[in-house]
Each structure stands twice: as C-alpha cells, then as structure tokens.
Amino acid sequence: MRKHTVRQYAKALYAMTAELPEKLVPKALDAFVEILIRERMLHKAEQMLVEYESYAEKMTGASAIDVVSKYALDGKIKKIIQEKFGKKRRITEAIDETLAGGCIIKDGDIVYDATIDTQLKKLAYHITH
Amino acid sequence: MSTNTIVEQLKKRIASFEPSVEIEETGKVIEVGDGIARMSGLSRCQAQEMLEFSGGVFGVALNLEEETVGAIILGDYTGIQEGAVVKRTGRVLSVPVGYELVGRVVDALGVAVDGKGEMKTKTFYPMEKVAPGVMARHPVHEPVQTGIKAIDAMIPIGRGQRELIIGDRQTGKTAVAIDTIINQKGQNMKCIYVAVGQKRSKVARIVAKLEEAGAMEYTTVVVAGASDPAAMSFLAPYAGVAMAEFFADKGEDVLIVYDDLTKQAWAYREISLLLRRPPGREAYPGDVFYLHSRLLERACKLSDAHGGGSITALPIIETQAGDVTAYIPTNVISITDGQIFLETDLFYRGIRPALNVGISVSRVGGAAQITPMKKVSGKLKLAMAQFRELEAFAQFSSDLDPETKKQIDRGRRITELLNQPQYAPMPVEHQVAVIYAVNNGFFDDVAVDAVRGSEASLVAFLEKSKRPLLNKIMAGEWGKDVEEALKQACGEWRK
C-alpha cells in the first residue's frame, strides 16, 4: 500500500482538529499519535508539525507573505499589501540592494514581480519588437 | 530618416508601453537526478507544460501528483540543485518549424546541430497535438514511389499511409528508408528523417549519403543520439511530426521516417520507471501503446478543404530473433496500415532488400499505384507465392513437368530481378518496363545470374530510344497501344 506523505498527515491532522471542541483535542491527538506509531511515522512528527503550521496558516488566511525590496517598506505600503492579500497576513521583509526599485511579493507559490528592473526589460522588448 | 523622426517614434513607443506586474507560479526542486526532477508547489501546473529551471534549462511536466510534480529535464540537469526555484511558463512544449529547417540537422528541440549557424524561425508548432478528425481526411490515393521494385510492385505505399518497416538488426531497414528518401527527388515531397537513439557516426554517414544524392535539398534530419538524454529520444519523433505538420498544413506532401520507434519505447520506459509510474508488461508503462498511436495517427492524407497535404510515415521497429509477436512490434503492427518484413535469412541468402513478400502487406494496395504498375504487377505477388511453394516441392522431386519447370525458372528470374543494390532507387517507369518484360518471357532465355545485367541493358535501351514511351508510363497512361508499344520495344531490345 502506498505510503502517505508528511504533508498528507499534516492535512489530516488539521482536518481532524480544525472544528473540534477544545476538550476533545487531547483525545484526538492521542489517536493521531497511535496512528503514527502504527504506521511507523512517529520520527517524522516534527516535520509534520511544521507542515501543519504552514497548512493551518494557509487555511486561516494567516500565512506569511515574503516581500523583497530595495528599501524597507513603510507603513503605508504594508497597509496596501495587507489590504490586497488579507489583513491577517504576516509580512516578512527582505532587502535586496541590487534591485533598481519596486518589490517582489511571494505568496506561497505565486510570485508577483513589480520591480523596476523587470519593467525596464519589458520596455526594452516593447521598443525593439 | 531625421533625428527628430527617430526621437518622435521612440517617444511614441515608450508612451504606448503599459507597465504591468509579472505574475509567476514557482515551485522548489525536492529531488533531481537521471534526467528527471520532482518539485513541490506548482499547484496549477498543467500536463506537458514547459517548466523553466535555473540556468535557462527547460523541462516538461509529466507527472501531476497530489503534492509534487514530476518532470523530465531537457538539457543538462547537473546544474540543478535541490531547493532550486522552478517556474511555470504557461506554454506547452513546442518546436520551431518552417522552410528554414529544410536541409538542416536539428535536435529534438529544433536547435541546429549541424554547425551551419542558427535558424531564424518565426513559427512554433506544439509537439503534442490532436490528430486530424475523420472528416478532415481523404482516402489515400496517390503513390509514394520508394524506387524499390519489390515494394512499389507488391507492397505499394500511398501518400498519407503509415507503413511499418520491421526486422532484426542489420536487415536493411534503414537502407529501405534512405532509398525512399533519395527517390523523392523531383517528386514534390519534403522528407524528415528522425534518428532516435542512433549512433552519431551512423547519422553522420546517413547525412553524408543524403547530401551526396542531393536529398538534403528537401530533407530535415532530427537527431536524438544514443548519448542524449532519454527525454530527447522520447520527444524527437513528436518534434519531427510537428515539423511535418507545418508543411502538410500548407498543402504539401511530407514523408517522415522514424528510425526507430523501439528505441523511443525504451526511452519512454526509462523515463516512466524513473518517475515511478507503475510498470506493466516487459516493464513498459501502461500507456506505451498510446505513445505510438498518438504519434502515428498524425500521419494522414488531408481533404482538399484542409489543404490536401499529407504526411506519410515509415516507422521502423527492430525485432529480436525475428519475434514479431513481442509487445512493441504487435502494438505498432496494429496501428499501421501495413508492414514490410525484412528477414535475416533472406538477407544472407543474397536477397536484398530482404523482403518477405509473403507476410508483408500494404493495406492501401492498388489505390497507391499508378495504372501501369497496377497492371504489370497485379499478379506478381501471387506468382511469387506459387513459385515459393513449387520451389520447395521441387527439392524433393527429380521429374518436373514443363509447365512447373517454366514457373520455377520464371520465379527465379523475378526473384533475381527484384534484388536491388543500395542507394540505387529505380524510377517507376523503368520498374514497369522491367517487370513487364520479365512477366512476358523476355528474360526466359537469360541465365539467372545475368538477369541484373540484362535489366540494366533494357533500361539503357529504353532510355536511349523509347523515352516518349517511358514518359507516357510515368504519366500513368496504360492501354492497348502503350502495352503494344512496350512489347515491341522489349522485342527490339531482345534482338
């Protein structure tokens, strides 16, 4: 039988506990650990927790957005980003001084490239073609 | 043009530019090696979509799993590391097509490998495409003259047909295909030779031969060599047929040779096993039939409403120890419109091309022959079958009646006549003349080992003094007058 991945266990854990009353959570976790022992996946529990956190954040709309820019973001820009992507979202910032300007926003797998460097390349292509 | 005008034009172009945010979907490589990669993310990736790895290397997504995407890498995978970013391109795999490819040697991605410089192609065709529907097709009715007497007379191929060439190693499969390509000179046909898993030295020899014969003026060679990744061998036939479709869409006729599909199946098996697809019979993946059927279905004769073009496919399959009941051979036999069997026994007995006419078949048949050839070769296959039976019978019998002896002698001469050297395809009008001559007894008093010399002599005589008659035959004319004229010409030659 095909083995389940760490991510699938994490998703299953989330599905199991998401709407469970708090007093039933310990019992549910005990059952989950028993399954991990039976399937010999207990050694991957730490990875599962990381995946669980990431999945839970995504499902509740609280996952992080990575922003790379030339300069530090001011409050106004952060507010605009949160308005576009969700107020619960955490913004993690990184500075890349090689950029001419603008920023790159990474939301999960999707990358929004709003850098001036890319716009200049597109402008060059537009002029020459 | 004045400076002001240039400045104005530049300003206009800049003003017309609309900046927009570039949106890309990315993933991360979690496993890479042996020409395949497994990635996380890319949740919206489509099947057969092109992916861009770091360093400008491209890949094709083949496996769309719940949490990962498996892809084959089209290039050097040694520079790709775990954790590298992969981007979707949003495009399916496509290959450059156009007249610029004629006379060139390219790889499975359409990149020139013949050292003659880059090709500036403007058009791209997708490698994977749904074959034309039933109503877009026309029945096959025009011949492809291979220049090989045994094939044109008894196993005729038509434009838009798929005719399999099957046999063990070193039986002359590639020779039949190359002779066919060489004979397309002046036939209004583009040719594409797809070399899959071949030694580069062999491909170089073939290209040199085609150049020598002037065939590269209308031929494109697509190479996925033995040292190339399995992904290239898997894709090369699809690249070839995409290039052929460009010409067919313009109403032209194309001949495409896949040499050979056995190696494509091996490459596909290798890729599928590395991608952990479940193995089936002989460890091939379950869709190995579909691998070949979707390729060969794209060869067809299009209706006039769709341009009237055609793609004729000559797939080659290599058997082991003559076993045509193996998995891949039976698959491809069931797809194609006929097969040409080449046998090792016949080859070493001196019958070259080593065709087993008894079990070779063309399901298009006479519809792909010009009228003169149909008339003179109509009973040839039956006569040869009867000859083979009588010859076997004669081994055990010392006294034969004159009629049987005559049939055996005639059969031996026809067999010798159907032998043909490599790289010497014969025009159809010559074929008609020599087959007519042998069928009507003009070679009966010629020794068997002198038949080929007499054939050459007859052809030379007709070329020198009966060219108008040959032109009529070439144009497809046949009637009592043409037959009588040919009979008289043969009689004159005998004197």
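A, B, ... follow the sequence lines: proteins, then strands. Residue 1 opens every chain.
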Practice prompt. Could you tell me whether the side chain of Thr26(B) reaches within less than 4.5 Å of the side chain of Lys106(A), counting heavy atoms only?
Written response: yes
Worksheet item: Is a side-chain N or O of Lys122(A) found less than 3.5 angstrom from the main chain of Phe17(B), in a donor-acceptor match?
Response: no
Item to complete: Kindly give the heavy-atom pair with the smallest separation between Gln119(A) and Ser20(B), and that separation in Å.
Response: NE2-O, 2.8 Å
Worksheet item: Is it the backbone or the side chain of Arg44(B) that comes under 4.5 Å from a heavy atom of chain A, or both, or neither?
Response: side chain
Discussion item. Please identify, among Val21(B), Ile14(B), Thr68(B), the residue contributing the most non-hydrogen atom pairs under 4.5 Å to chain A.
Written reply: Val21(B)
Item to complete: Report the option among Glu25(B), Lys87(B), Glu67(B) that has the most heavy-atom pairs separated by less than 4.5 Å from atoms of chain A.
Response: Glu67(B)
Worksheet item: When rounded to the nearest 0.5 angstrom, what is the spacing between OG1 in Thr118(A) and CD in Glu22(B)?
Response: 6.5 Å
Discussion item. Tell me whether Glu24(B) contacts the main-chain N or O of Ile110(A) through its side chain, where contact means a donor paired with an acceptor under 3.5 Å.
Written reply: no
Worksheet entry | NZ-CD distance between Lys11(A) and Glu66(B), expressed to the nearest 0.5 angstrom | 5.0 Å
Fill in: Heavy-atom proximity to chain A below 4.5 Å, by part of Ser16(B)
both
Fill in: Atom pair CG/NZ of Asp109(A) and Lys28(B) - distance to nearest 0.5 Å
9.5 Å
Worksheet item: Is the count of non-hydrogen atoms from other residues, nucleotides or ligands lying under 6.0 Å from Glu83(A) atom CD greater than 12?
Response: yes
